[in-house]
Structure formats: structure tokens, C-alpha cells
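Every chain is numbered from 1, with letters handed out A, B, ... down the list of sequences. Fair warning: this is a prediction, and the values are worked out from it, not measured in the lab. Keep in mind that the numbers below use all heavy atoms, side chains included, and drop hydrogens, waters and symmetry copies.
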Amino acid sequence: MYNTGMSASPLPRDFYDRPVLDVARGLLGARLVRMEEGRRLSGWIVECEAYRGEEDQACHARRGRTPRTAVMYGPAGRAYVYFTYGMHWMLNCVTGPEGFPAAVLLRAVWPAEGRAVMAERRKGQPFARWTDGPAKLTQALGVDGALNGADLCSPAAGLWIEPALTAPEAQVVTGPRVGLGKTPEPWVSLPWRFRWTADLDGGQP
DNA sequence: AGCACGATTAACT
DNA sequence: GTTAATCGTGCTC
């Protein structure tokens, strides 16, 4: 449907311009690519979470449109990158339709290209810890606030997602989103976290 | 102007 | 299991 073959072009706008839960599921196995200064860094997406609408009390847009959340109200296929805990950057993909705030938080990837750079940026950490958290993957791939609002459907900004692998349904697990603190029910328990449980490596690169 | 808190991480007991 | 790090955001005064 979205070309899982050898193509190396960014996923099209139509991929993102769908309900956020569908996009989140569809991103498992896709390849997150960061191009910087001619070098290519990438990883296969293995975990992500959906945030949907102003009624979702876990979504940043619960307070409505603000300077920070404006990107979530924009067109599908753009990056929503935000800063938190005074030190961490988080990367999301905005989904459709335009005017409705929704996004997918990328929580974990499995390192593919550019491992030497990731190892340097994640110095002191073992391979399995390079990109297994939302702030870890942005650090390893060099994603920060300069990319907020970037168009993921074009290679121009140096950040996009390509079709790559397809996560078999039997290996996809859903569950509650992580780290929601005092978010009330039912939002805190909704199974809007998607994880590909494949043992891609058996623990080794 | 002041404040509490956060879609986290790493280090520690 | 606990906790410090560290600062932008958005709310309340």
C-alpha cells in the first residue's frame, strides 16, 4: 500500500493524513532517516504512541492552540519537536486532518545506518540503550528544536521516514502510554502505545 | 513576576 | 526501588 519495497523516498503526505492510531500502527518497521552534512543516520521504528485531540488529557493540545502546539494543528506530515525536562527533545509526526491536533510520538528505533555516530553521541551506553527511548533517539540521530515544523514528506529538511519493514500483526503489542503522570482516566489507560516485539537482533547488532 | 510541572534519563541505594 | 538534572511552557497572581 505504501510501498514496502526498495524505495528510499519519504512516506507521502497521504500516509500521515489518516487517523493517528492508523498512522502509529503503520509506522512500526518504517525507517526514520536523519541526513546531516551528507551522512545518513537511520533506525527502524519499533515503538510509538498516539496523542489525539484536545479532549485527550495526555495530549499537549489539551490546553488548546498555543505557540508550542501550533504545529499539531497544521498539515499532516510535519515534525512536532518539543523540549522537556530542561534537557530532552522529543520527536513526533503530525497526522491529519489539518486543523485537528494529533501526533505520533516516536519512542524507540533500532539502529540501522550511522551507528558509529550514534555510539559517539550515546557515549558510555551499550548498543541496546542507544535509541530505546524518545529522548535517546533524538540525541543519537541529532534531532532538536531546529527541526520543529519540518516537512517529513520532503528530503529538504534532512528528516523523513521511509517505508522499510512491515511488522507482522502477531508481533505488535499495544498498551497504555508511558509517563503520563497525573493524567486522568480514561486517557491514562487507553492502549495507544504500539510496540513491535520482534527480536530483531537477539540482543546483538 | 512567580510558580509548578513535564509524552525523560542516568545514576544511585 | 529513589532522585537530581535543568528550563520552556502555560497558568495564576
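A straight line from OH of Tyr80(A) to C1' of dA7(B) spans 9 Å, rounded to a whole angstrom. When the P atom of dG10(C) is taken as reference, atom CD of Glu54(A) falls 13 Å away, rounded to whole Å. One interatomic measurement links the two molecules: CG of Asp132(A) to P of dT9(B), which rounds to 8 Å at whole-angstrom precision. Rounded to whole Å, atom C1' of dA10(B) lies 15 Å from atom NZ of Lys123(A). Atom CE in Met72(A) sits about 12 Å away from atom P in dG10(C), given to the nearest Å. The nearest whole Å value for the distance from the CZ atom in Arg68(A) to the P atom in dG6(B) is 11 Å. Here dA10(B) presents its C1' atom at 10 Å from CE of Met87(A), a figure rounded to the nearest Å. Distance Tyr85(A) OH to dT3(C) P: 15 Å, rounded to the nearest Å.
Checking dA7(B), dA10(B), dT8(B) against the side-chain heavy atoms of His88(A) singles out dT8(B) as nearest. For Leu105(A), taking side-chain heavy atoms from C-beta onward, the closest of the listed nucleotides dG10(C), dA7(B), dT8(B) is dA7(B). When each of dT8(B), dA7(B), dC11(C) is scored by its nearest atom to the side-chain atoms of Ala135(A), the top-ranked nucleotide is dT8(B). Distances from the side chain of Gln125(A) to the nucleotides dG10(C), dA11(B), dA7(B) place dA11(B) closest. Taking every side-chain heavy atom of Leu180(A) into account, dA7(B) is the closest of dA10(B), dA7(B), dT8(B). Across dA5(C), dG6(B), dG10(C), the shortest atom-to-atom separation from the side chain of Thr69(A) is found for dG10(C).
Between His60(A) and Tyr82(A), the ring-plane angle classifies as perpendicular under the 30° and 60° cut-offs.
The phosphate of dA7(B) (OP1 or OP2) has a side-chain N or O of His60(A) nearer than 4.0 angstrom. Phosphate contact (OP1/OP2 of dA10(B), side-chain N/O of Arg129(A), threshold under 4.0 Å): absent.
Arg122(A) comes within 4.0 angstrom of sugar-phosphate atoms only, judged by non-hydrogen atoms across all strands, and of no base. Contacts of Arg177(A) with the nucleic acid, taken as non-hydrogen atoms under 4.0 Å apart, are absent. Using a 4.0 Å heavy-atom criterion, one finds that Gly181(A) contacts no nucleic acid atom at all.
dG8(C) has no base stacking with the ring of Phe83(A) when judged by centroids under 5.5 angstrom apart and an interplanar angle below 30°.
Nearest-nucleotide assignment on DNA chain B puts the 5′-proximal partner with Lys182(A), out of Pro134(A) and Lys182(A).
Only the P atoms considered, dA4(C) is 16 Å distant from dA4(B), to the nearest whole Å. dC5(B) sits 16 Å from dT3(C) when the C1' atoms are compared, rounded to a whole Å.
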Verdict with supporting geometry, Arg129(A) and Asp132(A), salt bridge (charged side-chain N to carboxylate O under 4.0 Å, His left out): CA-CA 6 Å; Arg129(A) 300 281 90 80; Asp132(A) 66 334; 2.7 Å; yes
Arg68(A) vs Tyr80(A), side-chain contact (heavy atoms from CB on, under 4.5 Å): CA-CA, chis, key distance, verdict: CA-CA 9 Å; Arg68(A) 182 173 69 151; Tyr80(A) 166 44; 3.7 Å; yes
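With both pairing distances under 3.5 Å, dA7(B) is matched to nothing as a Watson-Crick or G-U wobble pair.
A salt bridge does not link Glu49(A) to Arg177(A): none of the charged nitrogens lies less than 4.0 Å from a carboxylate oxygen.
In this structure a side-chain-to-backbone donor-acceptor pair under 3.5 Å is missing from Asp17(A) to Ala76(A).
With respect to Ser42(A), the side chain to side chain donor-acceptor pair (under 3.5 Å) criterion is satisfied by exactly one of Arg31(A), Glu162(A), Arg34(A): Arg31(A).
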